[in-house]
Amino acid sequence: MQNLTLTWQSAGGTAVALYGGAYVAARVRKPSLSALLREAGTLLALFALWQLVGHLSVMSADHALDRASWIHQAELVVGLPDEASWQAAITPYPVLVRLSNYYYAVMHFAVMLAVLLWVFLRHRERYAWVRNTVVITTAICLLVQFIPVAPPRMLPQNGFVDVAAEYGQSVYGGAVGGVVVADQLSAMPSVHVAWCVLAAVAVIRVSSSPFRWVMVLHPVLTVAVVVVTANHFWADGIVAVSILLFAYAVLAVVAWWRGRISSVDTVEVEKARPRQDAKDQSKQVT
């Protein structure tokens, strides 16, 4: 399964290549192609940064397991369902386990890329809003991930099983071609959950098709998958959605502020117009 995900090195190298392609396209006067390559490079650069942050931390990784155990116990105290029981419900069904592992490994990036490409090509006027939401949300998630937190699958004493490793589908195995894959101690918050909700909201808000509501299935499936594969706690998803809501709030405030400035500028122009008209009339008289 490791070949289904990009390392930060390969994602970063591809991003650089895309930026180079964007520069060449701009030089040969292909603005649309240049913009497309540049935006694809930006997304891959964010993905590379996400993968890289897994190797960095501002706190010791020694207590990552303790933090994960505390999250699990806190969830049980407040009455959230035990993720271990959800996982136990599907382990007797190998096909469901394999599909869940596959969905976790592939769909978070594939769906986001498809949504961004669709908005860019079909609804260019809404693309900046979607792209900026991705950037803000991912950046904040990465800042939180500097504090190492282990995923549930690293807590077998709490009843969790690393089903991806058991089925040979883990994206967190050893090196691939001598390149180390992403670290495993960046479970909080869940970028998987943040991106799936973001993608669904983007499709529902941008599209006018009655079938756009089918996109709700993506976050529903993603949340279920990250839980039953023991890659994330409920809390990881809750924090991720909270960060996404904050990003929407920031963009709303920025849009309001720009609208306010635009309104003030319009008023000033209207005030200045009578004075300019009067000057023009006096010049005609003279």
Honestly curious: do [X] and [Y] fall in one hydrophobic cluster under the side-chain, below-4.5 Å linking rule?
{"X": "Trp234", "Y": "Val220", "value": "no"}
{"X": "Leu217", "Y": "Trp118", "value": "no"}
{"X": "Trp86", "Y": "Leu99", "value": "no"}
{"X": "Val216", "Y": "Val241", "value": "no"}
{"X": "Phe246", "Y": "Leu198", "value": "yes"}

With heavy-atom distances below 4.5 Å as the criterion, would you say the side chains of [X] and [Y] are in contact?
{"X": "Thr229", "Y": "Arg153", "result": "no"}
{"X": "Lys30", "Y": "Val24", "result": "no"}
{"X": "Cys196", "Y": "Val111", "result": "no"}
{"X": "Phe160", "Y": "Pro151", "result": "no"}
{"X": "Phe109", "Y": "Leu44", "result": "yes"}
{"X": "Leu18", "Y": "Arg38", "result": "no"}
{"X": "Ile147", "Y": "Met188", "result": "no"}
{"X": "Val203", "Y": "Trp213", "result": "no"}

Please check if the side chain of [X] supplies one atom and the backbone of [Y] the other of a donor-acceptor pair under 3.5 Å.
{"X": "Asp82", "Y": "Ala84", "answer": "yes"}
{"X": "Ser69", "Y": "Leu65", "answer": "no"}
{"X": "Arg67", "Y": "Pro148", "answer": "yes"}
{"X": "Glu83", "Y": "Ala230", "answer": "no"}
{"X": "Ser85", "Y": "Pro81", "answer": "no"}
{"X": "Arg212", "Y": "Ser209", "answer": "yes"}

Where is the tightest heavy-atom contact between [X] and [Y], given as atom of each residue plus distance?
{"X": "Phe233", "Y": "Ala68", "answer": "CZ-O, 3.4 Å"}
{"X": "Ile243", "Y": "Pro189", "answer": "CD1-CG, 3.8 Å"}
{"X": "Ala194", "Y": "Leu244", "answer": "O-CD2, 3.9 Å"}
{"X": "Asn101", "Y": "Ala164", "answer": "ND2-CA, 3.5 Å"}
{"X": "Ala22", "Y": "Ser34", "answer": "O-OG, 2.8 Å"}
{"X": "Val161", "Y": "Gln87", "answer": "O-NE2, 2.7 Å"}

Applying salt bridge (Lys or Arg N to Asp or Glu O under 4.0 Å) as the test, list every pair that has at least one member in [range]; sequence neighbours left out.
{"range": "residues 110-119", "value": "none"}
{"range": "residues 244-257", "value": "none"}
{"range": "residues 118-146", "value": "Glu39-Arg131"}

Which value, rounded to the nearest 0.5 Å, describes the distance between [X] atom [atom1] and [Y] atom [atom2]?
{"X": "His218", "Y": "Met112", "atom1": "NE2", "atom2": "CE", "value": "7.0 Å"}
{"X": "Leu221", "Y": "Ser100", "atom1": "CG", "atom2": "OG", "value": "9.0 Å"}
{"X": "Leu80", "Y": "Ile238", "atom1": "CG", "atom2": "CD1", "value": "5.5 Å"}
{"X": "Leu121", "Y": "Tyr127", "atom1": "CG", "atom2": "OH", "value": "9.5 Å"}

Item checked: side-chain contact (heavy atoms from CB on, under 4.5 Å) between Ser186 and Val149, intermediate numbers included -> CA-CA 6 Å; Ser186 54; Val149 178; over 6 Å; no
Notebook entry, point to check: What's the verdict on side-chain contact (heavy atoms from CB on, under 4.5 Å) for Tyr104 and Val226, showing C-alpha distance, side-chain angles and the deciding distance?
Noted result: CA-CA 7 Å; Tyr104 174 81; Val226 299; 3.9 Å; yes
Notebook entry, point to check: Relative to the ring of His192, is the ring of His232 parallel (under 30°), tilted (30 to 60°) or perpendicular (over 60°)?
Noted result: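 The arrangement is tilted - the two ring planes meet at 30° to 60°.
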Check: Does the side chain of Tyr248 come under 3.5 Å of the side chain of Thr137 through a donor N or O and an acceptor N or O?
Finding: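 Not at all, the side chains of Tyr248 and Thr137 share no donor-acceptor pair under 3.5 Å.
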Item checked: Derivation and outcome, side-chain contact (heavy atoms from CB on, under 4.5 Å), residues Asn132 and Val254 -> CA-CA 11 Å; Asn132 291 341; Val254 170; over 6 Å; no
Next item on the list: Under the side-chain contact (heavy atoms from CB on, under 4.5 Å) rule, what do Val119 and Trp129 come out as? Steps first, then yes or no, please.
Entry: CA-CA 10 Å; Val119 176; Trp129 172 71; over 6 Å; no
Margin query: Which residue in the set Val250, Leu251, Val201 passes side chain to side chain contact (heavy atoms under 4.5 Å, CB included) when paired with Thr133?
Written below: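 That would be Leu251.
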Next item on the list: For Thr138 and Trp195, run side-chain hydrogen bond (donor to acceptor under 3.5 Å, both in side chains): C-alpha distance rounded to whole Å, both residues' side-chain angles, the deciding distance at 0.1 Å, then the answer.
Entry: CA-CA 8 Å; Thr138 306; Trp195 278 17; 2.9 Å; yes
Next item on the list: Please find out if less than 6.0 Å separates the ring center of His108 from that of Tyr103.
Entry: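 No; Tyr103 has its ring centre 6.0 Å or more from that of His108.
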